[in-house]
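Worksheet: the structure to be examined is printed underneath.
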Amino acid sequence: MGVEQKLGNMGVVTTTLEQAVNWSRTGAMWPMLFGLACCAIEMMSAQAAHFDMSRFGMELMRPSPRQSDLMIVAGRVSRKMAPILRRLYDQMPDPKWVIAMGDCASCGGVFNNYAIVQGVDEVVPVDVYVAGCPPRPEALIHGVVTLHEKVRGEKLTKWA
Amino acid sequence: MSQIQEVSLDELKHLVSDRAIHGDTMLLNMGPQHPSTHGVLRLLLELDGETVINCVPDVGFLHTGIEKNMEAKTYQKAEVMTDRLDYMNTTGNNLAYVLAVEKLVDLDVPVRAQAIRVIIAELQRLASHLVWLGTSALDVAAMSVFLYCFREREYILDILEMCSGQRMMTTYFRPGGLWRDVPVEFESAVRDILKTMPRRIDEYEALLTKNPLFLDRTVGIGKISAEDALAWGLTGGTLRGSGVAHDYRKFAPYSGYEQYEFDVPTRTEGDVYARYLVRIEEMRQTLRIIEQALTKLPMGPVRSNNYKFVPPPRSEIGTSMEALIHHFKLWTEGFNAPKGAVYSAVESPRGELGVYLEGDGGPKPYRVHWRTPSWDNLQVLPVLTRGHLVADLVAIIGSIDIVLGDIDR
Amino acid sequence: MNESSYISILQEKFGGEVIEFRGEHSLVVAPDTLLSVAGSLRAMGFERLSDITAVDYWPEETPRFHAVYQFTSVQHRATLCLRVPVPGISPSLPSLEQIYPNANWREREIYDMFGIHFEEHSDLRRILMPYDWQGYPLRKDYPLGYEEPQFSFNFDEIDARKPYAKE
């Protein structure tokens, strides 16, 4: 209290290690290019000029899982694709987060049949679910902001 | 959920040449997740250095079982699934399905609904070509075209949202007409697009058409002759780039297309550059069709008044007993289609999109099969890429304009 | 010449019933004459094979399947449809790959979805389903694979059964 008042006049900010690390993690979270179906087009629209995602540090979509932090599963996951999804998730280094974008990734969506995995949380653990078929780019951005808030609240004891 | 299947070389031997078995050439997996494969497509490449000896596409990673799922739903409810097939051309899929249902049950559509269907289907064609241009230019590393095309596409999506409430999966066309009439702002919004698009298309052409880098990467790449293209069943821009002027809007006109004047652009070289020029010209012809349809837009109802198949308007339900009963039957059971099979095709931005619909007298379709254009367009990929470099392969995939939802259904 | 005249030429040569529905004509041919019919169609100017599909009429056993072929002619502006009945016990058809190259993948899809075997096909393996999948999904006796929806009254019991992923 007293220290911060004195230091604040000198242009110095105090914080905890937790807050600093969490803030820097949300600053430039690089998504992995995992667009499967129609939601991928809305993800591309969110990336493009109208609803800019590079405001959140995400303009760099890395196709390689080794260089990305966030996997946005955009689209329906079929039974043939599920082992590949898991393999890519395993190849991502910690810390990593998953957004299930759209109804098909969250719960199987419109397709309740033999070919589609009913919710991608059967394959990878999901942090944020974004509903919609397809969700508007603004809904995806809301999902990203929700994920940032979740990351800000992560505790030191829970880090990998 | 199955584990990743280790496929032994024995099972693949007939796909690769003898040199691969002795280690002369390299087998590379261009996996389902790759920056430029336009969806989840897996290619097994056999490479000699950088040259492609053979390329075997492996599809099925987006298989959704739509055909079987549509058999379990009534005709009206099954239309929801049709948007999600070729997700770049959502209203076009709706149109193909709705035309097939109307043919099966022999239902008339009022002229205003037909004209609005044409306008919206052509706007969707424009939106689909914009995404094609953006993504295939991105594949040959022209990034700014991607951003411009998506900016234009937002205006078209605004119009779709204005009419139906949804940007992409609209389900706006229903059997018998449309869901509801277009709002008052529709005409001025479409006229705005007609005013600004020609100059924007000129901008894209200024960036790409005479650009020596683009020409280097696309001229002479991925050639196919007209007879081969027909034998392999190609349709759409891929066929018209090889010299065959086959367009379903002229071949078997539907929904009033015979009243509009437009050209079908073709080129004869059959390479990636020719297909690019064909689609750019198609965008301009699309604007011509929209202009004519908008000027001639007739007044009248937008839904057929055959209430056995089309829901009656809400205002009549309160006063008329028959309207109430029709509403009840349509919502609880759905309408019954006769026993028989029809095949009806439309021209999607990718080619011939056909629906084979078989009814069995009940409210659910007995068999729905989608003849999708990207299936044949992808099958010809090994023929197009033999002898080219890996970088050319990427340009060729961009030029045949495939959408994996179309292929895997 | 329009569609019905091509059909009548084929009917004279090969026999078979003509079905007419909503202005479309289809010719029913037997499986052993399929290759010769396709060859004559190619010679008559039908350069494109648009579509091959199949329909399952279970529980009827003979014929259990009907394979439906759509041909298009660009020069004559015509389309034509063939229906081939296939029995349910060890179903098989000749492959049209030599005459129309794009029949390759379409026949693979019918093999994958219905189990109809195509003779002399160069590469008959599954195309849409995973390589080791058992069963033929589009047959009428194959279940849809429907998952029970979770409402509030059965939420917990379905939740306990659902396989969630571990880290």
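A note on names: the letters A, B, ... follow the listed sequences, proteins ahead of strands, and every chain is numbered from 1. Since the structure is predicted, the reported quantities are computational estimates derived from the model, not experimental observations.
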Exercise. If you tally heavy-atom pairs under 4.5 Å against chain A, which of Met168(B), Arg151(B), Met81(B) wins?
Worked result: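 Heavy-atom pairs under 4.5 Å are most numerous for Met168(B).
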Problem set entry | Interface residue of largest heavy-atom contact number with chain A, from Leu147(B), Asn69(B), Ile66(B), under 4.5 Å |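 Answer, by heavy-atom pair count under 4.5 Å with chain A: Asn69(B).
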For this session: Any chance you could lay out the side-chain contact (heavy atoms from CB on, under 4.5 Å) test for Gln47(A) and Phe150(B), step after step, and finish with the verdict?
Result: CA-CA 10 Å; Gln47(A) 195 76 21; Phe150(B) 271 78; over 6 Å; no
For this session: Could you tell me the separation between the CD1 atom of Ile41(A) and the CZ atom of Arg167(B), rounded to the nearest 0.5 Å?
Result: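 Reported to 0.5 Å precision, the distance equals 11.5 Å.
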Exercise. Checking heavy atoms, do the side chain of Met32(A), its backbone, both or neither come under 4.5 Å from chain B?
Worked result: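 Interface part for Met32(A): side chain.
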Problem set entry | Per-residue contact mode, Leu85(A) against chain B (heavy atom under 4.5 angstrom) |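 When you check distances to chain B, no heavy atom of Leu85(A) falls under 4.5 Å.
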For this session: Could you tell me which residues satisfy side chain to side chain donor-acceptor pair (under 3.5 Å) with Arg125(B), sequence neighbours excluded, listed by chain and number?
Result: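 Scan of Arg125(B) (side chain to side chain donor-acceptor pair (under 3.5 Å), adjacent residues dropped) gives Glu122(B).
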For this session: Evaluate the side-chain proximity of Cys104(A) to Arg84(B): yes if any heavy-atom separation is below 4.5 Å, no if none is.
Result: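 SC-SC contact between Arg84(B) and Cys104(A) ruled out.
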Exercise. Under 4.5 Å between any side-chain heavy atoms of Met81(A) and Asp408(B), yes or no?
Worked result: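 Side-chain contact under 4.5 Å: no.
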Winner by heavy-atom pair count (cut-off under 4.5 Å) against chain B, out of [options]:
| options | value |
| --- | --- |
| Ala48(A), Pro137(A), Ser45(A) | Ser45(A) |
| Cys38(A), Pro134(A), Gly35(A) | Cys38(A) |
| Ala40(A), Cys133(A), Ser64(A), Gly75(A) | Cys133(A) |

Problem set entry | Which portion of Thr135(B) sits near chain A, non-hydrogen atoms under 4.5 angstrom |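 Contact with chain A: side chain only.
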Problem set entry | Donor-acceptor side-chain pairing of Tyr114(A) and His63(B) below 3.5 angstrom |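 Yes, His63(B) and Tyr114(A) have a side-chain donor paired with an acceptor closer than 3.5 Å.
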Nearest heavy-atom neighbours spanning [X] and [Y]:
| X | Y | result |
| --- | --- | --- |
| Thr64(B) | Asn113(A) | O-ND2, 2.8 Å |
| Pro32(B) | Ile84(A) | CG-CD1, 3.6 Å |
| Tyr87(B) | Leu36(A) | OH-O, 3.8 Å |
| Gly65(B) | Ala115(A) | N-CB, 4.0 Å |

Problem set entry | Pairs flagged by salt bridge (Lys or Arg N to Asp or Glu O under 4.0 Å) wherever residues 128-141 of chain A is involved - sequence neighbours left out |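 For residues 128-141 of chain A, and leaving out neighbouring residues, the salt bridge (Lys or Arg N to Asp or Glu O under 4.0 Å) pairs sorted by first residue read Arg136(A)-Glu138(A), Arg136(A)-Glu161(B).
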For this session: Count the heavy atoms belonging to other residues, nucleotides or ligands that lie under 6.0 Å from CZ of Arg55(A), then report whether that count exceeds 12.
Result: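 Count over threshold, so yes.
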For this session: Go through Lys80(A) and Asp58(B) one step at a time and tell me if the salt bridge (charged side-chain N to carboxylate O under 4.0 Å, His left out) criterion holds.
Result: CA-CA 11 Å; Lys80(A) 200 168 174 183; Asp58(B) 189 9; 3.6 Å; yes
